[in-house]
Engineer: 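The structure that follows is given in the form of structure tokens.
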Amino acid sequence: MEEKQKIFRDNIFKRLFWPLMALGLLLLFNLIFTKGFFHIEMRDGHFYGTLLDILNHGSKVMILAVGMTLVIATKGVDLSVGAVMAVAGAIAALLIVQVESGWIFVQGCTLGGLVPFLNAHHMSWFLPALAAIMISLVAGLWNALLVAGFRIQPIVATLVLMVAGRGIAQLITDGQIITFTNRGLTFIGNGHFLFLPFSVWIALGVFAIVAIAVRKTALGLFIESVGNNETASFYAGIEAKTIKGFTYVVCGLCAGVAGLIAASNIKCADSNNAGLYLELDAILAVVIGGTSLNGGRFFLAGSIVGAILIQTLTTTMYARDVSPHVAAVPKALVIIIVCLLQSETFRRKAMGILKTFKNK
Amino acid sequence: MGKTVELLEAKGIVKTFPGVKALSGVDFSVSAGEVHALMGENGAGKSTLVKIITGVYRKDAGEIIFNGKSISPGSTLEAEQCGISTVYQEVNLVPELSVAENICLGRQPKKLGFISWGGVRKRAVEALKRLELDIDVSKNLSYYSIAIQQLIAIARALDIDSKLLILDEPTSSLDEKEVAELFKMLKKLRGQGLGIVFITHFLDQVYQISDRITILRDGGKVGTFEAARLPRLEMVGRMIGKDPEQVKSMEKKREIRKVAGKEFLKAEGIGRKGMLFPMALEIREGEIIGLAGLLGSGRSETARMLFGVDPSDSGKLSIGGADTDISSPKKAVKNGIAMTAEDRKVTGIISDLTIRENIVLALQARAGAFRTYTLKEQYALADKFIKALGIKTPDADQLIKNLSGGNQQKALLARWLAMEPRLFMLDEPTRGIDVGAKAEIEKVMDELCEKGMALLFISSEMEEVSRNCDRVMVLRDRRKIGEISGEDISLQAIMKMIAE
């Protein structure tokens, strides 16, 4: 028994080896060359520093990557998460402004009354946040309907919302950038809790909930089974459709949470830029984490490491004063190296070349 | 046959694919003005032979003489230029283009370097006239029925001034009337001196149209016969590798069991449009039932229907006396029905998961995602079946794709046995399995049937069916044509029923 568990753990370690190695090397580089990268200080009972910024800013991609991992494990992809973030942020911003102007305040209080430990004052953020999550749920259901229900190719199906989503966000905000100052809502992306940025706790929470939901039930097995061989899974009595749809719904919800954090970060809803291109970062994080785009086995922890690696890279660029215009180039270089190292074919070929060199 | 000059003469054709000898020195000839049927079971080498003649594959050895010249087509285009054209099972045309465009596609008549649309139309009309087909060639192909599309495909094939026409399963999507139309046409073309190679799995049709029959088996040639002098029984026997004498002398080895179990499943008039004609069937507890018939007779389709993969769209079905609707495998599993399908790689194994995960899958699917079997339970289950079925593996954590075919098959049996099915349907369970494993599997199944599990057994090895089953349902051309039970079961009886 224990032996078997060990093999299991070994496998996970093997998968995480290269991304962790890359992350370690990157941190080592910064330790030596970037002054103050590892500086952490305590202010007002909270930790501050570059490393915490990485976690704080990386939380959005971490959350997206969790949902994206499940989708990719079913051999799908969700391109709409960035746009869904914008929609969720727009809804939250719109509603919080309405709430604060007193329009929905009464309803907010009534709802707040249902949850005993929150009083009406604290509740002002609740309705907007809930609405943001609900709309991301609807977005997830829409993708699920297209992909699982109507069997449309995932790339095409989610492209619909990727393109239309920002338009919807624009409609919600009437083309304006809505700013807000509500303490509850701004806390999500800027507050601190138990020494750490609150958004880091949210990311950890999302990761923990999803990890438990799929690994402590048979959902994970079903997802991997459907992603690896949908027909055979169907023959085994698994409702492949439902499983696929479920992953898109989870992915949508994750995008909603990330959207809230993004809006809260900058205290406004910017429909054009919120979550822009983050779907690509999320997909990249998943791939770096060891989950194959061919579906099947997935590694949630790997995706988190991938997300942290991407954010560390970005932050390193800022810390080293690389102009944002060219920052994409070194970033791409590091990422291609990580991907190559993960490829068994590449490693074998590289080894072969090295050996012939030695022999000479 | 007189000493006529053969139109096509293939000699000693050899083709090897990695690990498989698809053709081992096959001779095949077609003369002008004859319809020559190419028969054989799945994997016999029919398609490989045709694909070598039409330039899809290159032969490893042998010679093809066509019209007096040795040819070696490297592509279908080259074969067409020689005068060999092919019509495949599925219509390989472009539905969104007009009939005329389809017929002239790739060889449009040109004027000053530009396509002459008038010429295209004229040529299409002429090509269709040869088949006595008078239709509007400017309409899209998809406007016409599949049968007409099939004829258009033939017209296109003939438009290239071909001398040999190869038809690969041209009738599988046609109804009886359409088949008759097609045959009328073929007879006329034969009269015009065309050589026609006809591949089908419908026995009736072979005798309706062909002059000679060549039978292939396991990549070798069994023989070429004149259709009029080859009795059906003999043809079936030769296709499955038993000569009629052998069939007659073969004794039934299995002792007859009296099965007096309770009724488990009863169905009336269940069928599926385009797949299976409505049939009635009844399955009792503890019974071993065989489904016999040639490939394409509806054997696998029957199992797929009962398992809810392609659910029936007519009739009534009851399980244990209660009316039930099996519309998906999930429902079948809920009702205690299990099935391993023919194609293990596609419908069976989840290759990147471990043996343990593969074994626990069906049980877990039936329990639902939230009644999770603990790792301990899973290992216990997996280890139990690895031992019971003798699956050769270091442990349950190996990926199933690393097992040999026979062991994969055993793991799949374990997947279903784990849920203790009341009816287990096995489609070609022994394909690609060595003799030892075969015997082990048969033994396990026998034990389970003693305990009341019903077994539905499908195999292209009719001998296996006749040896193992208490009752045999015989299918032909997607229709159940009869049942044989108890002492009456014999290879000969089954073959006679199929041939009649």
Side-chain angles (χ1 to χ4, degrees), chain A residues 1-12 14-15 70 72-75 210-247 249-250 290-299 344, chain B residues 304 307-309 328-335 337-354 356-376 378-380 382-383 394-401 412 415-416 418-419 427:
Chain A
M1 231 7 240
E2 265 174 24
E3 192 108 312
K4 277 167 185 162
Q5 301 259 327
K6 203 173 138 262
I7 293 170
F8 200 56
R9 238 178 291 136
D10 283 354
N11 269 337
I12 290 180
K14 226 190 254 169
R15 286 279 173 170
L70 301 189
I72 287 179
T74 65
K75 223 180 209 169
V210 173
I212 288 171
V214 298
R215 289 305 183 195
K216 290 291 159 190
T217 70
L219 276 173
L221 174 67
F222 291 169
I223 289 171
E224 288 178 339
S225 169
V226 168
N228 189 216
N229 188 341
E230 193 179 338
T231 312
S233 306
F234 175 64
Y235 271 76
I238 296 171
E239 279 180 298
K241 253 192 205 174
T242 318
I243 295 293
K244 269 180 156 178
F246 167 78
T247 62
V249 171
V250 172
T291 304
S292 159
L293 285 171
N294 287 326
R297 287 271 186 240
F298 65 88
F299 303 90
E344 217 169 283
Chain B
R304 282 217 305 276
F307 196 57
V309 175
S328 70
K330 193 180 167 68
K331 284 207 175 136
V333 170
K334 279 235 150 53
N335 280 301
I337 301 176
M339 169 163 115
T340 61
E342 195 172 13
D343 194 336
R344 188 164 49 222
K345 281 219 161 58
V346 177
T347 59
I349 63 167
I350 317 282
S351 57
D352 285 336
L353 297 191
T354 64
R356 165 181 60 85
E357 287 167 317
N358 267 286
I359 288 179
V360 86
L361 202 61
L363 196 61
Q364 187 67 69
R366 187 176 63 174
F370 301 108
R371 158 69 186 94
T372 314
Y373 288 87
T374 63
L375 267 185
K376 206 173 151 188
Q378 293 185 22
Y379 278 116
D383 290 340
D395 57 57
D397 280 319
Q398 296 298 314
L399 297 186
I400 198 164
K401 66 177 170 194
L412 284 184
R415 174 192 291 172
W416 291 112
M419 62 161 258
D427 194 352

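Proteins get letters first, then strands, A, B, ... in listed order; numbering begins at 1 in each.
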Engineer: Non-hydrogen atoms of chain A under 4.5 Å away: do they reach the side chain of B/I349, the backbone, both or neither?
Structural biologist: backbone

Engineer: Would you mind checking which part of B/R371 comes under 4.5 Å of any heavy atom in chain A, side chain (CB onward), backbone (N, CA, C, O), both or neither?
Structural biologist: neither

Engineer: Within the 4.5 Å heavy-atom criterion, are A/L221 and B/L353 side-chain neighbours or not?
Structural biologist: yes

Engineer: Taking all atoms of both residues into account, what is the closest heavy-atom pair of B/V333 and A/G237, and its distance?
Structural biologist: CG2-CA, 4.3 Å

Engineer: So how far is it from B/K330 NZ to A/T242 OG1, rounded to the nearest 0.5 Å?
Structural biologist: 7.5 Å

Engineer: Contact part of B/M419 toward chain A, heavy-atom cut-off under 4.5 Å: side chain, backbone, both or neither?
Structural biologist: neither

Engineer: Which atom names give the shortest non-hydrogen contact between B/A365 and A/I238, and what distance separates them?
Structural biologist: CB-CG1, 3.6 Å

Engineer: Report the distance from atom OG1 of B/T347 to atom CD of A/E230, rounding to the nearest 0.5 Å.
Structural biologist: 13.5 Å

Engineer: Are B/F370 and A/L219 close enough, and set up right, to give a side-chain contact (heavy atoms from CB on, under 4.5 Å), and what steps lead you there?
Structural biologist: CA-CA 8 Å; B/F370 301 108; A/L219 276 173; 4.0 Å; yes

Engineer: When heavy-atom pairs shorter than 4.5 Å are enumerated against chain B, which of A/N228, A/N229, A/I243 gives the highest number?
Structural biologist: A/N228

Engineer: Please name the pair of heavy atoms, one in A/A232 and one in B/G348, separated by the smallest distance, quoted to 0.1 Å.
Structural biologist: CB-O, 3.2 Å

Engineer: Measure across B/T372 and A/A218 and return the closest heavy-atom pair with its distance rounded to 0.1 Å.
Structural biologist: OG1-N, 3.4 Å

Engineer: What part of A/F222 gets closer than 4.5 Å to chain B, counting heavy atoms only: side chain, backbone, both or neither?
Structural biologist: side chain

Engineer: Where is the tightest heavy-atom contact between A/Y235 and B/F307, given as atom of each residue plus distance?
Structural biologist: O-CE2, 3.2 Å

Engineer: Ignoring hydrogens and angles, tell me if any N or O in the side chain of B/D352 forms a donor-acceptor pair with the backbone of A/G296 under 3.5 Å.
Structural biologist: no

Engineer: Could you pull out the closest heavy-atom pair between A/A236 and B/R415, with the gap in Å?
Structural biologist: CB-NH1, 4.0 Å

Engineer: Let me confirm one number: the NZ-OG1 distance from B/K345 to A/T231, rounded to the nearest 0.5 Å.
Structural biologist: 14.5 Å

Engineer: Under 4.5 Å from any heavy atom of chain A, what part of B/T374 do you find: side chain, backbone, both or neither?
Structural biologist: neither

